[in-house]
Student: 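What follows is a structure written as structure tokens; I'll ask about it next.
Here the structure is a predicted model, which is why all the values come from computation and not from measurement.
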Amino acid sequence: MRLARTATAITALALLVGATDPSNPTCPAEPDWGPAKAMSLTTRTVDGTHVLVAEGIIDATLPERLKAAIDKDDKLAEVWMRSRGGDARAGNEAGKIIRSFPGMVTRIPAGWTCFSACNFLFMGGDRRFVDDGGFFMVHMFTHTGDREAIYLAAEEGTAETVRLIADIEQQSALLASEDNDFLIRMGVSRKLLTDIMYRQQAVKTADNPSTRYCLSQEEVRRYNVVPEERAG
């Protein structure tokens with residue numbers, strides 16, 4: 001009977017999560033990271049708990065809007081999130097705002113995906129939970145998303161290409177430093193960056209198409225992405 005219940009649970013979870021991505025086998029083929037528009041913030045009550053649902057793309061307006069939304073409901077206890085990311089620095093700032101509210105919980109519910117800048121929003125929680133079937137999906141940040149700028153710089157010659165590379169190096173170093181500082185402040189192991197995030201490819205290659213990684217339940221605990229719950 002116990003084996004039957006276990007098999008049923010595994011089957012239900014598999015149906016919930018769906019197929020894996022062949023290029024990124026730790027992640028779902030079709031991540032549920034919310035709508036492709038600016039992050040919305042809506043409140044709901046779930047089993048008596050006041051929840052703020054944050055879903056969509058992180059933009060520069062999020063930190064201010066997030067603070068206003070949390071200030072508005074003094075009974076708010078959790079922030080649930082799904083997002084494909086967005087503005088990296090806004091994600092960091094929004095995470096700091098969540099941390100400024102002691103005891104605030106952040107959660108990635110089953111079936112939802114929190115990617116890129118959303119990782120830092122999530123890590124702002126004083127307490128954090130990735131539910132079974134939820135995905136904390138990471139990648140290597142890049143400042144080379146504007147391919148047209150790279151092509152134009154190459155066409156303009158060596159000097160312009162060198163200038164662009166120097167700018168990318170500087171901005172990458174600054175963001176890496178900010179990421180390290182943020183993890184220290186949030187109590188997350190910096191090995192999350194060196195062991196996982198910074199080991200991902202920024203751009204897929206013919207030999208290796210992988211550019212994303214979804215942490216397992218063991219890994220979110222190992223790197224203190226999900227802190228151990230202690231008896232109060």
Side-chain angles (χ1 to χ4, degrees), residues 26-28 31-35 38-44 46 49-59 62-63 65-67 69-70 76-141 175 178-193 195-198 200 212-229:
T26 60
C27 297
D32 181 3
W33 45 33
M39 181 168 276
S40 62
L41 302 169
T42 56
T43 55
R44 66 177 66 163
V46 181
T49 299
H50 287 229
V51 173
L52 181 67
V53 178
E55 47 190 350
I57 297 171
I58 294 170
D59 66 0
L62 179 63
R65 293 190 294 114
L66 180 63
K67 186 176 188 307
I70 298 176
L76 199 66
E78 299 195 11
V79 182
W80 294 5
M81 57 192 68
R82 55 177 174 164
S83 172
R84 69 195 67 208
D87 187 317
R89 289 193 168 92
N92 284 15
E93 288 306 310
K96 291 175 185 176
I97 285 169
I98 291 177
R99 180 54 60 93
S100 72
F101 292 88
M104 186 63 70
V105 170
T106 52
R107 185 182 299 275
I108 305 172
W112 288 16
T113 297
C114 177
F115 181 49
S116 192
C118 181
N119 299 155
F120 295 85
L121 177 65
F122 173 79
M123 289 187 286
D126 209 5
R127 298 168 61 210
R128 305 182 288 272
F129 299 93
V130 178
D131 291 347
D132 286 336
F135 295 96
F136 185 84
M137 179 192 288
V138 305
H139 71 144
M140 173 63 180
F141 70 81
L175 187 54
E178 291 171 11
D179 287 351
N180 270 280
D181 179 70
F182 184 89
L183 264 64
I184 292 170
R185 289 170 179 260
M186 301 303 140
V188 178
S189 171
R190 285 181 294 168
K191 288 185 177 180
L192 174 65
L193 299 177
D195 288 1
I196 304 290
M197 285 187 175
Y198 292 172
Q200 305 310 305
R212 303 170 184 166
Y213 187 86
C214 293
L215 275 68
S216 67
Q217 285 291 329
E218 186 276 328
E219 286 169 328
V220 294
R221 287 169 174 77
R222 184 197 314 168
Y223 297 107
N224 212 41
V225 173
V226 172
E228 181 181 353
E229 287 287 293

Student: If only side-chain N and O atoms count, and only distance matters, is there a donor-acceptor pair under 3.5 Å linking H50 with T43?
Tutor: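 The criterion, which ignores hydrogens and geometry beyond distance, is not satisfied for H50 and T43.
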
Student: Do S216 and T26 have side chains that approach each other closer than 4.5 Å (heavy atoms only, starting at C-beta)?
Tutor: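 A side-chain contact under 4.5 Å is absent here.
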
Student: Could you tell me whether the side chain of V53 reaches within less than 4.5 Å of the side chain of L41, counting heavy atoms only?
Tutor: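 Not touching, per the 4.5 Å side-chain cut-off.
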
Student: Mind checking the CZ-CZ spacing from F122 to F129? Nearest 0.5 Å is all I need.
Tutor: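 The CZ atom of F122 sits 9.0 Å away from the CZ atom of F129.
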
Student: State the CE-CG distance between M197 and L183, to the nearest 0.5 angstrom.
Tutor: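 It is 6.5 Å, given to the nearest 0.5 Å.
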
Student: Would you call E178 and R89 a salt bridge, using N to O less than 4.0 angstrom?
Tutor: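 A salt bridge is present here (some side-chain N lies under 4.0 Å from a carboxylate O).
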
Student: With no hydrogens and no angle check, is any side-chain donor or acceptor of R99 less than 3.5 Å from a backbone partner on G95?
Tutor: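 No; zero donor-acceptor contacts below 3.5 Å.
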
Student: Can you tell me if NZ on K67 sees more than 12 non-hydrogen neighbours from other groups inside 6.0 Å?
Tutor: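 No, NZ of K67 has 12 or fewer neighbouring heavy atoms, counting only those of other groups under 6.0 Å.
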
Student: How close do L121 and A94 get, counting heavy atoms only, and between which atoms?
Tutor: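 Closest heavy-atom pair between L121 and A94: CD1-CB, 3.5 Å.
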
Student: Report yes if some heavy atom in the side chain of V105 is under 4.5 Å from a heavy atom in the side chain of D126; otherwise report no.
Tutor: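 Not touching, per the 4.5 Å side-chain cut-off.
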
Student: Are D59 and R65 within salt-bridge range, i.e. N to O under 4.0 Å?
Tutor: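 Salt bridge present between D59 and R65.
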
Student: If we only count heavy atoms from C-beta on, is the V46 to W80 side-chain gap below 4.5 Å?
Tutor: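 Touching, per the 4.5 Å side-chain cut-off.
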
Student: Quick check for you: to the nearest 0.5 Å, what is the distance between I97 atom CD1 and M104 atom CE?
Tutor: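 One finds 12.0 Å between CD1 of I97 and CE of M104.
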
Student: What's the verdict on side-chain contact (heavy atoms from CB on, under 4.5 Å) for S116 and H139, showing C-alpha distance, side-chain angles and the deciding distance?
Tutor: CA-CA 6 Å; S116 192; H139 71 144; 2.9 Å; yes

Student: Hey, is the main chain of I108 close enough, under 3.5 Å, to the side chain of R128 for a donor-acceptor pair?
Tutor: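 The answer is no, because no donor-acceptor pair under 3.5 Å joins these two groups.
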
Student: Using the test ring pair (Phe, Tyr, Trp, His ring centres under 6.0 Å), find all partners of W33 that sit at least two apart in sequence or belong to another chain.
Tutor: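 Ring pair (Phe, Tyr, Trp, His ring centres under 6.0 Å) list for W33, sorted by chain: F115.
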
Student: Taking C-beta and beyond as the side chain, do D181 and N92 meet within less than 4.5 Å on heavy atoms?
Tutor: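 Side chain of D181 against side chain of N92, heavy atoms only: no contact under 4.5 Å found.
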
Student: Could you state the interatomic distance from OG (S40) to CG (L52), rounded to the nearest 0.5 Å?
Tutor: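 The distance works out to 9.0 Å.
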
Student: Would you call R222 and E218 a salt bridge, using N to O less than 4.0 angstrom?
Tutor: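 Between E218 and R222 there is a salt bridge, with a charged N closer than 4.0 Å to a carboxylate O.
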
Student: Would you name the heavy atoms of G124 and M186 that are closest together and state the gap between them?
Tutor: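 Nearest heavy atoms, G124 then M186: CA-SD, 3.8 Å.
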
Student: From the options T113, I196, L215, select the one residue that forms a side chain to side chain contact (heavy atoms under 4.5 Å, CB included) with F136.
Tutor: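 When side chain to side chain contact (heavy atoms under 4.5 Å, CB included) is applied between F136 and each of T113, I196, L215, only L215 qualifies.
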
Student: Any salt bridge (Lys or Arg N to Asp or Glu O under 4.0 Å) involving residues 103-121? Give me the pairs, sequence neighbours left out, ordered by first then second residue.
Tutor: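 Residue pairs passing salt bridge (Lys or Arg N to Asp or Glu O under 4.0 Å), neighbours aside: E78-R107, R107-D131.
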
Student: Does the side-chain contact (heavy atoms from CB on, under 4.5 Å) test come out yes or no for V79 and V51, once each step is laid out?
Tutor: CA-CA 6 Å; V79 182; V51 173; over 6 Å; no

Student: Enter the distance from F120:CZ to D87:CG here, rounded to the nearest 0.5 Å.
Tutor: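 F120 CZ to D87 CG: 12.5 Å, rounded to 0.5 Å.
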
Student: Do the non-hydrogen side-chain atoms of E229 and R127 ever get within less than 4.5 Å of each other?
Tutor: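 The answer is yes; the side chains approach within 4.5 Å.
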
Student: So which atom in M39 and which in G56 form the shortest heavy-atom distance, rounded to 0.1 Å?
Tutor: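 Reported closest heavy-atom pair: CE-O, 3.4 Å.
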
Student: Keeping the roles fixed (side chain from S83, backbone from G85), state whether a donor-acceptor pair exists under 3.5 Å.
Tutor: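 Yes, because the side chain of S83 sits within donor-acceptor range (under 3.5 Å) of the backbone of G85.
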
Student: Do you know which two heavy atoms are closest between N119 and C114, and how far apart they sit?
Tutor: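 Scanning both residues completely, I find the closest heavy atoms to be ND2-O, 3.1 Å.
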
Student: Does the side-chain contact (heavy atoms from CB on, under 4.5 Å) test come out yes or no for Y223 and R190, once each step is laid out?
Tutor: CA-CA 8 Å; Y223 297 107; R190 285 181 294 168; over 6 Å; no

Student: What distance separates I184 CD1 from D179 CG, expressed to the nearest 0.5 Å?
Tutor: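 Answer rounded to 0.5 Å: 11.0 Å.
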
Student: Decide yes or no for M81 and I58: does some side-chain heavy atom of the first lie under 4.5 Å from some side-chain heavy atom of the second?
Tutor: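 Sidechains of I58 and M81: no contact.
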
Student: Take L192 and M123 through the side-chain contact (heavy atoms from CB on, under 4.5 Å) test and state the conclusion after the steps.
Tutor: CA-CA 12 Å; L192 174 65; M123 289 187 286; 4.2 Å; yes

Student: Could you tell me if the side chain of P28 sits less than 4.5 Å from the side chain of C214, heavy atoms only?
Tutor: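 Side chain of C214 against side chain of P28, heavy atoms only: contact under 4.5 Å found.
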
Student: Sub-3.5 Å donor-acceptor pair from the side chain of D32 to the main-chain atoms of R82, do we have one?
Tutor: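 No; zero donor-acceptor contacts below 3.5 Å.
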
